[in-house]
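For the numbers below, each heavy atom of this structure counts, side chains included, while hydrogens, waters and symmetry mates do not.
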Amino acid sequence: MPYIAVNVSRVLNEQEKEELYLKWNIPKGKTVFALHSRIEEVKNHLSMVEVVNKMPDEYRNKLVFICSGEKSGEYYERVIQRINQYHLNNYFIFMGWANTREVLGIANALVVPTTKEGFLLTAAEAFLMKIPVYRTRTAGFDDQLFCNEIYGDDFMKDASILMDYIDKGIDQSRIDEAYKYAIENFTIEKMTKKTVNVYKTVLIEK
């Protein structure tokens, strides 16, 4: 596992959430899934457009995807074109570049359908913000023990997984365990100590 560290972010209070809902025109009462990354092909935003298109209206109308990242480029235009093609504009909000704490602070879950990924920094940040993570089983999946698997290329399976989350949520004990795991492994303090220990070991061996 690489030595990557994150700051511990305070969970947003209700007033902060309310202000951000207004800022980005997020409908109240929806399950908010966050796609928090740059908008390019490897991040596979198009898969979530297909997933939402596969859902029955009763589920589709209960969710919204908030998408951070620069609103430009060929892949972004393809994503927008597909959303327009399926008439799904009400279910995707593009925020532009946005602060991680704000994005994760108003999300119910982080969704990462990436086709290629190592250690996922935003997953560690999500653990510390006490929200669940759904990600594809790429190279770094097993280093972050409390991620939930999605497929990225099986739209019906992923639709079923997200609909199940809308219906049932996720066990709070798993969220608490993920938070504890992140505190014990991914904070700047912990990673600094591990890095120092590595250098000490190298110096002793020399």
Under the salt bridge (Lys or Arg N to Asp or Glu O under 4.0 Å) test, residues paired with [X] that sit two or more places apart:
{"X": "K157", "answer": "none"}
{"X": "E58", "answer": "none"}
{"X": "E40", "answer": "R38"}

Could I get the full list of side chain to side chain donor-acceptor pair (under 3.5 Å) partners for [X], not counting sequence neighbours?
{"X": "N89", "value": "N84"}
{"X": "Y21", "value": "none"}
{"X": "S37", "value": "none"}
{"X": "T114", "value": "E117"}

Does E16 pair with K23 as a salt bridge, N-O distance under 4.0 Å? no
Among residues at least two apart in sequence or on other chains, which ones pass ring-ring contact (aromatic ring centres under 6.0 Å, His included) with F141?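 Counting only residues at least two positions away or on another chain, F141 forms no ring-ring contact (aromatic ring centres under 6.0 Å, His included).
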For Y75, give me all partners under ring-ring contact (aromatic ring centres under 6.0 Å, His included), at least two apart in sequence or on another chain. none
Using a distance-only test with no angle check, is there a side-chain donor-acceptor pair under 3.5 angstrom linking S68 and H36?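 Yes, a side-chain donor-acceptor pair sits under 3.5 Å.
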What salt bridge (Lys or Arg N to Asp or Glu O under 4.0 Å) pairs are there with at least one residue in residues 77-90, not counting sequence neighbours? E41-R78, E50-R82, E74-R78
Under the side-chain contact (heavy atoms from CB on, under 4.5 Å) test, which residues partner E70, sequence neighbours left out? S72, W97
Pairs flagged by side chain to side chain donor-acceptor pair (under 3.5 Å) wherever residues 165-174 is involved - sequence neighbours left out: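 Qualifying pairs: Y59-D167, N148-R174, D164-K168, D171-S173, Q172-D176.
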